[in-house]
Undergrad: 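Sending over a structure as structure tokens; questions will come in a sec.
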Amino acid sequence: MSLKQDLFRRPAASWRTWSFSLLCAALAACGGTEASEETAPELATHEDGLANVRLRLMAANLSSGTGQDYDPGHGIRIFQGTDADVVMIQEFNYKTDSAADIRSFVDTAFGTGFSYYREAGAQIPNGIISRYPIIAAGEWDDTQVSNRDFAWARINIPGPKDLWVVSVHLLTTSSGTRNTEATNLVKFINANVPAGDFLAIGGDFNTGSRSEATFSTFSSVVSTASPYPADRNGNTNTNAGRSSPYDHVLVDSDLRAYQTSVVIGSSTFANGLVVDTRVYSPISDISPAVSGDSGASGMQHMGIIKDFLVPGDGTTSSSVTVLSPNGGESWTGGSSRTITWTSSGISNVKVEYSLNGSTWTAVTTSTSAASGSVAWTVPGSASTNAWVRVSDASDAALNDLSNSAFAITTGGSGGTGQVFINEVLLNEAGSDVNGEFVELVNTGTAAVDLSGYTLSDSASVRHTFASGTTVAAGKAVVVFGGASGIPAGTVGAVAASTGTLGLSNSGDTVTLKSASGTTVDSATFASGLAGTDGVSANRSPDASASASFALHTAVSGTASSPGKRASGSAF
């Protein structure tokens with residue numbers, strides 16, 4: 001699954017400072033290519049003039065043959081001939097699907113300098129392939145289908161803004177199901193994609209017409225209006241029979257403002273291109289593709305291309321970076337603290353805080369950026385998901401957040417905390433053990449300081465909670481096997497400090513101990529609660545310390561709910 005939530009929220013200015021280190025972490029964890037500062041080649045950009053960069057986005061479900069993969073080579077030739085910069089790819093399979101084979105496919109179809117992300121544990125995975133560095137990547141859960149999810153990546157394209165892309169493969173089942181998928185994806189986007197960055201959603205929507213509700217739903221985050229890409233003959237449909245608009249590249253209004261004609265050889269496509277080699281002329285312009293590639297057996301879709309002329313690097317030198325609180329602190333409600341930052345090219349800043357990562361309250365609407373600090377009385381409400389944001393007072397899109405969440409604790413209430421094991425996923429979905437998790441819930445009336453607490457399985461201690469970690473009354477904290485297994489938007493999630501939870505699919509015992517070594521809670525799970533792939537064991541009834549455990553599907557009908565109530569609602 002996706003990387004830790006706090007990694008998603010960094011704005012463009014501060015991401016670029018450490019893009020290579022995050023690229024290595026993100027892609028090594030998620031199955032993508034690994035790069036280093038020393039070995040990564042310089043990437044050529046498509047520039048028009050001094051400041052602008054031509055950016056070509058492509059949606060591509062171009063697998064052929066009987067295996068839903070790219071081994072036959074028809075799609076590879078189309079990729080080579082159309083020279084895209086960023087591709088939202090579906091059915092991302094090649095030969096054995098080993099890391100070496102996938103890397104070989106990317107090298108052959110695009111080039112050795114391209115980065116990629118491919119979702120793990122999927123039969124027909126979605127992915128992203130990029131000429132520019134992928135600085136974060138992961139997958140968001142598509143609840144309507146079991147063999148793929150929504151793959152996303154944050155890409156450091158030239159210029160002051162990052163590009164977020166989401167590769168999707170919606171179901172053929174019904175328009176209603178597709179709209180449910182779209183609704184869920186929009187929620188993920190709203191929760192994780194900074195408003196100031198560019199956004200593109202691309203892939204195989206399997207939509208029978210452009211009047212489907214799916215497009216109305218997506219229109220809240222991207223432009224779905226005409227004109228549409230077309231082939232040499234003006235046909236805008238994209239399925240194999242060229243009768244339905246299955247495939248799309250949809251971008252937000254900020255990026256659409258920079259859309260420009262697709263120019264290939266002597267041909268110009270004003271609204272973008274539907275790549276059908278059967279009607280493309282002259283076919284030599286997209287060599288080595290040949291006329292029969294789009295009609296190959298098993299080729300069900302046409303590629304979609306849109307070009308954009310975006311501002312390049314050097315168009316702005318302004319930046320702001322939060323220094324404190326920068327994540328991991330535990331500050332007492334009502335105490336006097338100082339929020340600090342650094343900035344350049346900014347006159348005044350707005351300073352805000354959030355107790356939940358989504359609702360913001362101003363500390364000051366405008367103060368001198370050069371001062372680098374502002375006094376703050378910490379609010380009296382307990383939180384394990386507090387953030388600070390500092391932005392240009394005249395341009396909200398230029399901002400920075402704390403690197404990760406910090407805690408606000410309250411004392412003297414006379415309440416008592418009660419923390420216990422509420423949900424455990426011993427048998428992860430697919431084979432990604434990073435997705436194993438243990439959820440702890442505090443049903444008491446006061447926050448509990450988890451500093452030094454440990455989680456063990458029957459073999460050894462797997463996680464020690466960092467100093468300052470608290471769980472507020474009525475809230476949850478979730479320990480995952482690895483950072484790449486944490487679903488986007490999971491509140492209070494951390495990765496196991498030892499790098500694994502090591503839970504057994506044949507049954508195990510999970511124990512929570514205090515910093516002094518006293519057992520706080522312990523639960524033993526038989527094979528019947530550990531043998532179902534991707535289904536957790538949950539208290540039944542949910543969030544009841546004395547209740548026994550049952551399969552999550554029996555508690556609420558869903559497979560799991562890390563960080564949430566079994567019903568899916570927030571704690």
Side-chain angles (χ1 to χ4, degrees), residues 3-19 21-22 135-136 154 156 159-164 190-199 254 311 313 315-409 468 489 491:
L3 294 177
K4 189 174 178 181
Q5 182 187 23
D6 55 272
L7 297 183
F8 308 156
R9 305 180 62 88
R10 295 287 296 178
S14 52
W15 274 96
R16 294 194 176 94
T17 306
W18 50 295
S19 62
S21 60
L22 182 55
I135 55 178
R154 187 174 190 173
N156 183 12
K161 293 186 177 185
D162 289 335
L163 169 67
W164 291 69
N190 285 333
N192 293 288
V193 178
D197 285 348
F198 292 134
L199 168 68
D254 289 346
D313 290 313
T315 58
T316 180
S317 59
S318 301
S319 66
V320 61
T321 303
V322 172
L323 297 180
S324 178
N326 208 27
E329 299 91 347
S330 180
W331 287 1
T332 303
S335 63
S336 297
R337 295 282 184 167
T338 302
I339 297 170
T340 61
W341 64 87
T342 60
S343 64
S344 64
I346 299 174
S347 298
N348 295 287
V349 295
K350 179 180 182 180
V351 182
E352 303 165 278
Y353 72 88
S354 175
L355 299 180
N356 57 15
S358 59
T359 303
W360 295 89
T361 301
V363 177
T364 175
T365 57
S366 182
T367 191
S368 171
S371 69
S373 66
V374 65
W376 183 41
T377 301
V378 181
S381 299
S383 173
T384 58
N385 191 34
W387 300 78
V388 159
R389 178 169 66 192
V390 180
S391 57
D392 184 343
S394 61
D395 181 8
L398 180 55
N399 66 77
D400 190 31
L401 298 172
S402 311
N403 279 1
S404 61
F406 63 95
I408 297 174
T409 61
V491 176

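All values below come from the heavy atoms of this structure, side chains included, with hydrogens, waters and symmetry mates left out. The structure displayed is predicted, hence computed values, not measured ones.
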Undergrad: Which atoms form the tightest heavy-atom contact between A369 and V349, and what is the distance?
TA: CB-CG1, 3.6 Å

Undergrad: Can you see which heavy atom on D162 is nearest to which on D197, and at what distance?
TA: O-CB, 3.4 Å

Undergrad: How are the rings of F406 and W376 set to each other: parallel, tilted or perpendicular (split at 30° and 60°)?
TA: perpendicular

Undergrad: About how many Å separate CG of N399 and OG1 of T321, when rounded to the nearest 0.5 Å?
TA: 10.5 Å

Undergrad: Calculate, to the nearest 0.5 Å, the distance between atoms OG1 and CG belonging to T340 and N326 respectively.
TA: 8.0 Å

Undergrad: If you round to the nearest 0.5 Å, how far is OG1 of T361 from OH of Y353?
TA: 4.0 Å

Undergrad: Give, for atom OG1 of T367 and atom CG of N348, the distance between the pair rounded to the nearest 0.5 Å.
TA: 7.0 Å

Undergrad: Report yes if some heavy atom in the side chain of R154 is under 4.5 Å from a heavy atom in the side chain of P194; otherwise report no.
TA: yes

Undergrad: Looking only at non-hydrogen atoms, find the nearest pair between P160 and P311 and report the distance.
TA: CD-O, 4.0 Å

Undergrad: Are N385 and W387 linked by a side-chain donor-acceptor pair shorter than 3.5 Å?
TA: yes

Undergrad: Using modelled atom types only, decide if a donor and an acceptor are shared between the side chain of D400 and the backbone of V322 within a distance under 3.5 Å.
TA: yes

Undergrad: Among pairs that include at least one residue of residues 324-336, which meet salt bridge (charged side-chain N to carboxylate O under 4.0 Å, His left out), considering only residues two or more places apart or in two chains?
TA: none

Undergrad: Grab the two heavy atoms, one from N192 and one from G489, that are nearest each other, plus how far apart they are.
TA: OD1-N, 4.0 Å

Undergrad: Which pairs count as salt bridge (charged side-chain N to carboxylate O under 4.0 Å, His left out) when at least one residue sits in residues 347-364, sequence neighbours excluded?
TA: K350-E352, E352-R389

Undergrad: Apply side-chain contact (heavy atoms from CB on, under 4.5 Å) to V374 and list each qualifying residue two or more places apart in sequence or on a separate chain.
TA: I339, W341, V351, V363, T364

Undergrad: Closest heavy-atom contact between S402 and G327?
TA: CB-N, 4.2 Å

Undergrad: Name all residues meeting the side-chain contact (heavy atoms from CB on, under 4.5 Å) criterion together with S394; count only those two or more places apart in sequence or in a different chain, and write none if there are none.
TA: D392

Undergrad: What residues, two or more places apart in sequence or in another chain, satisfy salt bridge (charged side-chain N to carboxylate O under 4.0 Å, His left out) together with D395?
TA: none

Undergrad: Which atoms form the tightest heavy-atom contact between V378 and W331, and what is the distance?
TA: CG2-CE3, 3.9 Å

Undergrad: Any pair with a residue in residues 333-343 that passes salt bridge (charged side-chain N to carboxylate O under 4.0 Å, His left out), sequence neighbours left out, goes on the list, sorted by first then second residue, please.
TA: none

